[in-house]
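Just below is one structure, and these are the notes that go with it.
Heavy-atom basis, side chains included; hydrogens, waters and symmetry copies ignored.
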Amino acid sequence: MVAKAKKTLVIVESPAKAKKIQSFLGPGYEVLASYGHVRDLPSKAAEIPEKFKKEAWSNLGVNVEQDYEPLYVIPKDKKDRVKQLRDSLKNADELLIATDEDREGESIGWHLIELLKPKVPVRRMVFAEITKDAIQRAINDTRELDENLVAAQETRRVLDRLYGYTLSPLLWKKIARGLSAGRVQSVAVRMLVERELERAAFRSGSYWDLAANLKSGESTPFDAALQTVGGRKIASGKDFDETTGQLKTDANVLLLDEAAATELRERIEKSDWSVAEVETRDQKRNPYPPFTTSTLQQEANRKLSLSARQTMQIAQKLYEEGHITYMRTDSVSLSNEAVSAIRRTIDKRYGHDYLSPQTRTFSGKSKNAQEAHEAIRPAGTAMQTAKELGLSGGQAKLYDLVWKRSVACQMAEARLKFQTVTIKADDAEFRATGRHVEFPGFFRAYVEGSDDPEAALDDTESALPPLSQGDQLNVEELKALPHETKPPARFTEASLVRRLEAEGIGRPSTYASIIGTVQDRGYVEKQGSQLVPTFTAVAVNRLLQQHFPDLVDYSFTADMEQKLDDISNGDKNRLPYLNRFYSGPSGIDQQVKSKEEGIDPRTACTLKLDNLDPDVRIGRYGPFFEVQSDGERVTASIPNHIAPADLTEEMAEKLIREKKEGPKSLGAHPEEGLPIYIKNGPYGPYVQLGDITEETPKPKRSGIPKSINPEEVDLETAIKLLGLPRRLGHHPDTGKVVNVGIGPYGPYVLHDRKYGSFDKKTHTFEYDGESYNIFNVTLDAACEMLRQSKSRGPAKPLRELGEHPEDKKPVGIFEGRYGSYVKHGRTNATLPKDRDIKEVTLEEAVTMLNEKAAKKGTKKKGAKKKATKKKAAKKKSAKKKT
DNA sequence: CAGTGAGCGAGCTTCCGCTTGACTT
C-alpha cells in the first residue's frame with residue numbers, strides 16, 4: 001500500500017475565493033474557507049460554558065478580574081466548519097493561513113492555529129489580488145503571524161463587548177427592556193436624533209424674489225434671478241436663522257415680502273434691460289475613484305433605490321458568480337492588470353480622446369481604511385458589459401453601475417464652461433448662470449448622484465445664448481416668487497453611510513447591518529427613503545449624552561483606532577488602555593454603577609420637545625402624551641409612525657381632547673340599534689359595534705384598511721365594514737362560497753382556501769374597465785382576482801409520493817425558493833440539487849424526513865425556534881406598518 | 001385581532017466584525 005499523498009492545506013475566509021485559488025494551485029493543495037471568524041466571545045447566556053457560569057464576569061465573556069482574558073467559544077453554526085478543517089489538516093503536511101491581510105483577518109488566522117493546533121509547519125501568506133502569479137508569489141513569500149495585530153483585534157473586540165454589555169443593561173433598567181448601546185450604533189443614533197431635533201427646533205422663514213425670463217434678439221430665452229436692488233443684496237435662504245425663522249441679525253440684506261416684490265416687479269418691468277457684464281470661466285472635473293463598499297451602497301441607494309442590505313445581497317451574488325471583485329472593501333486601488341484592461345476598453349468603446357492621458361491612481365481618504373482588497377470592479381480583464389454577460393434584473397443594474405464607475409475612473413477629465421451674466425434693469429441687478437459641457441470626458445460613462453434630489457447633476461447642460469456687454473434684452477416674463485426656508489433633510493441610508501464612513505465609524509462588512517440594528521431596536525423607522533428616529537431613540541440618546549458624553553463622541557472610534565495602531569505597532573500594551581476604559585474611578589464599570597442611582601427612570605422616559613408643549617413619555621406600548629387636565633391625569637397614545645419633529649401642537653391637542661372625551665359614536669346601527677365607535681387599537685384604527693359588557697366581552701369589530709382615512713369613516717362606511725366578511729356568492733366553477741373581507745394583511749377575497757388580493761396600496765382591483773373595492777366588488781370580479789392570484793392556496797406538489805407509513809398523511813415533492821424539497825406535514829427536507837425528482841422513492845423521502853426531524857429535535861430546537869418566531873412576529877408588524 | 005403607561009418577579013435581553021447558509025406564504 002502506498003501512503004496517501006499529503007497536501008498543503010490553505011485556509012481563506014470566503015468559499016468563492018477558495019474555489020478560485022484552488023483552480024490556480026492544482027491537486028497538491030487543498031483550499032478551504034473558514035467562513036469568517038471561527039471563535040468569538042459567547043453572545044448569550046446559553047453559550048457560556050457551564051464551568052464559568054458562576055463567575056461574576058461570565059456574562060461579559062471577558063475576565064475583567066484577570067487581564068481582560070477573553071472567553072472564546074465556537075459558535076454553534078461554526079462547529080461543523082471547524083471539524084471539517086480539522087479533518088483536512090490530518091491529511092496535510094503543511095498549513096498555509098491565507099486569511100485577509102487586515103486586523104480581523106490576522107486574528108482569524110491566529111484563532112485557526114489556536115483551534116487546530118497543527119503539528120505540521122504553519123506559514124502565513126498574504127496577497128492583494130487573486131491572479132495565478134500573485135498567488136504563486138504569495139506562496140513563495142510567506143511571513144510569520146503578526147501577534148501585535150492580533151492583540152489589536154482582541155482589544156477592539158473586548159472593548160466593544162465591554163461598551164455594549166455594560167451600557168445596554170442600564171438602558172433596560174431606565175428606559176425599556178431589550179434596548180442596546182454600542183460604540184457604532186449609539187453614534188449612528190446620535191446623528192439621526194440630532195438632525196431630528198434640529199428639525200423640531202426649525203422655524204421656517206419666508207422671502208420673495210423676482211425671476212425673469214429674458215431674450216436677446218432672436219436667441220433662445222434664458223432665466224435670470226434678482227440679486228440686488230439699489231446696490232443692496234436681497235435676502236435668500238442662507239440669511240435666515242434656522243431656530244427663529246427670522247433674518248439673522250448680522251445679515252445686511254433687503255428682505256422682500258409679497259407687496260415689495262410685486263411693487264418692484266411693476267416698477268422695473270418696463271424699464272431698460274441690458275447686459276452689464278459677461279464672465280466666463282473654465283472648470284475641469286476629474287472622475288471619481290472606483291467603488292468601495294460605502295460608495296457602492298450610496299450610489300445604489302441614490303440611483304437604484306436599493307437599501308444597503310439589498311445592494312450587498314446582489315453584490316454577493318455577482319461576486320460568487322465571478323462577475324465582480326470582492327464587495328466588502330475600503331480600498332480604492334486597482335490592480336495593474338485591471339487598469340490596463342479598463343484602458344483598453346475605453347480605447348475600444350469610447351475612442352482614444354476619452355482615455356485619460358496618464359494612468360490615474362487613487363488613494364483612499366477614508367479614516368481607518370485597512371485596504372485588504374481591491375476596489376470593487378468587474379472581475380478579470382474581459383470587461384464585459386452586463387448585457388454581454390447575460391445578466392438581468394437587479395444584478396444587471398448593479399453590475400452596470402460597477403462597470404461604468406470602473407471605466408470612468410480611467411477616462412479623460414470633463415471640461416465645463418460656466419457663464420455668469422449680470423443684467424441691469426433700473427436700479428435692480430439680475431444674474432443668469434449657464435453651464436456648458438465643452439468636452440464630456442468621463443461623463444460619457446458615469447456621473448455621480450446627489451443626496452439632494454433637486455440638485456443638478458454634474459453633466460447637466462444649461463448653456464446661455466451668446467451675450468455681450470450692452471446687449472438690450474426683452475422681458476418675456478417677470479414673476480414675483482415666494483420662498484420658504486426648509487429644515488435640514490433627514491438622513492437616508494446613503495447619507496448615513498457616507499457620514500459614518502467619513503467619521504471612520506463601522507466597517508464595510510457592517511454598514512448594512514448597522515442600519516438593520518438601529519431599526520430592530522426600535523430606534524429608527526424607515527419612511528420611504530428617510531431614516532426617522534423614534535422617541536425611544538431621542539430618550540436613549542439624551543441619557544447617553546448626559547451621562548456618557550465621551551462614549552458617544554463622534555471621535556471616540558477614531559481615538560480608539562489610534563490606540564489600536566499603537567498596539568499593532570508594538571508601541572503600546574493593550575492592558576493600560578482597557579484598564580482605563582473599564583476599571584478605576586473613570587472607567588465605565590464604576591461610572592455606570594455610580595450614575596445608576598441618580599437616573600430616575602421616569603425622568604429618563606419623559607421628553608420635552610421644542611415643537612410641543614405637552615410632555616411625551618416612552619411607555620411599554622410606545623410614546624404617549626401625559627398632561628394634567630382639570631386635576632386629572634390624561635394620557636393619549638401617539639399614533640405610530642409620526643416622527644418626533646412632525647408632531648404639531650394641534651395634533652397633540654386633538655389627541656388629548658379625543659382621549660378625554662372617549663371614543664365618539666358615529667350613530668346607531670340601523671338593525672342592531674347599537675352605537676358604532678371608532679377606536680384605536682394596537683393594530684391601528686378599527687370600528688366597534690356596541691359597548692363592552694358582561695354579555696358581549698368581545699363586540700363585533702372590524703379594522704379600517706390603510707386605504708381609508710379613519711377621519712373620513714362615516715356611519716355608512718362603518719356599517720359596511722362591520723358587515724365583513726361578506727358572502728359574494730358561489731364560484732361558478734366549484735359551487736363553493738366566495739367571501740370578501742379584511743385580514744391582517746389587508747382586504748382579500750377568499751374561495752376554497754385560496755386568497756385573491758386587491759392592489760396593495762389603493763385596495764382596489766381593476767377589471768373590465770371598472771375599479772372595484774371591498775364594498776362594491778362583484779362575484780365576477782372576485783373570480784378574476786382569484787384567477788390572477790399568486791397565492792397557491794393549498795400547496796400543489798410537483799409529485800405525490802404516497803402516504804407516510806406512520807400517520808398516512810401525504811408525502812410530496814414541492815418546488816421552493818431553494819430548489820425542490822420533500823414535505824410531510826410541517827417537516828421539509830431539501831433534495832440535493834442534482835437529484836432527479838422522478839427517481840425519488842417514498843422510502844427515501846421518509847428517511848430524509850426522519851433525519852431532518854431528528855436534527856431539528858436535538859440540535860436547533862430551543863434557540864432557533866424562538867428566533868424564527870421572533871422574526872416572524874417582526875415581519876408581521878413591519879408589514880402592517882407599511 | 002383590538003387596554004394600557006404595572007405585574008408575582010424566573011431568566012433573559014445586549015456589543016462589533018468576519019463570513020455564508022437556511023429560511024420553503
**Q.** Side-chain donor/acceptor of A/Arg156 to base of B/dC16, under 3.5 Å
**A.** yes
Q: Identify whether a stacking contact exists between A/Tyr621 and B/dT4, where the ring centres must be under 5.5 Å apart and the planes under 30° apart.
A: no
Q) For A/Glu626, which contact category applies under a 4.0 Å heavy-atom criterion: base, sugar-phosphate, or nothing? A) nothing
Q: Would you indicate what A/Gly182 reaches in the nucleic acid, counting non-hydrogen atoms under 4.0 angstrom: base, sugar-phosphate, or nothing?
A: sugar-phosphate
Q: Select base, sugar-phosphate, or nothing to describe what A/Ser168 touches, counting heavy atoms under 4.0 Å on all strands.
A: base
Q. With a 4.0 Å cut-off, would you call A/Glu13 and A/Arg328 a salt bridge?
A. no
Q) Expressed in angstrom and rounded to an integer, what is the separation of A/Tyr326 atom OH from B/dT19 atom C1'? A) 6 Å
**Q.** Residue that, paired with A/Glu154, satisfies salt bridge (charged side-chain N to carboxylate O under 4.0 Å, His left out) out of A/Arg39, A/Arg574, A/Arg161, A/Arg103
**A.** A/Arg574
(Q) Can you measure A/Tyr165 atom OH to B/dT14 atom C1' for me and round it to whole angstrom units? (A) 5 Å
Q. Can you tell me how far C1' in B/dG9 sits from the matching atom in B/dT13, rounded to whole Å?
A. 16 Å
Q. Just wondering, more than 12 heavy atoms not from A/Gln628 lying within 6.0 Å of its CD?
A. yes
(Q) Looking only at the side chain of A/Ser14 (C-beta and beyond, no hydrogens), which of the listed nucleotides B/dG17, B/dG3, B/dT20 gets closest? (A) B/dT20
Q | Test: A/Asp40 and A/Arg157 ion pair at under 4.0 Å | A | yes
(Q) Between the side chains of A/Lys593 and A/Glu596, is the shortest nitrogen-to-carboxylate-oxygen separation below 4.0 Å, so that they form an ion pair? (A) no
Q. Considering only B/dG11, B/dA6, B/dT20, which nucleotide approaches the side chain of A/Arg620 most closely?
A. B/dA6
Q) What is the distance from CG of A/Asp40 to P of B/dC18, rounded to the nearest Å? A) 12 Å
Q. Which listed nucleotide (B/dG3, B/dT19, B/dT13) is nearest to the side chain of A/Arg701?
A. B/dG3
Q.
Just to be sure I understand the rule, does A/Phe624 reach a base, reach only the sugar-phosphate, or reach nothing, if contact means heavy atoms closer than 4.0 Å?
A. base
Q | Nearest to side-chain heavy atoms of A/Tyr686, which nucleotide of B/dC18, B/dT14, B/dA2 | A | B/dA2
Q: Rounded to whole angstrom, note down the P distance from B/dT24 over to B/dT20.
A: 23 Å
Q.
Please tell me if A/Arg328 has a side-chain N or O lying less than 4.0 Å from either OP1 or OP2 of B/dC18.
A. no
Q. Can you tell me if A/Thr557 uses its side chain to pair, donor with acceptor, with the backbone of A/Ile505 under 3.5 Å?
A. no
Q) Has the side chain of A/Arg81 got a donor or acceptor atom sitting under 3.5 Å from an opposite partner on the base of B/dG21? A) no
Q | Closest non-hydrogen atom pair, A/Ala33 against A/Ser14 | A | CB-C, 3.6 Å
Q) Dot-bracket for DNA chain B, 5' to 3', with Watson-Crick and G-U pairs under 3.5 Å, [ ] for crossing pairs and | for other-strand pairs: what is it? A) .........................
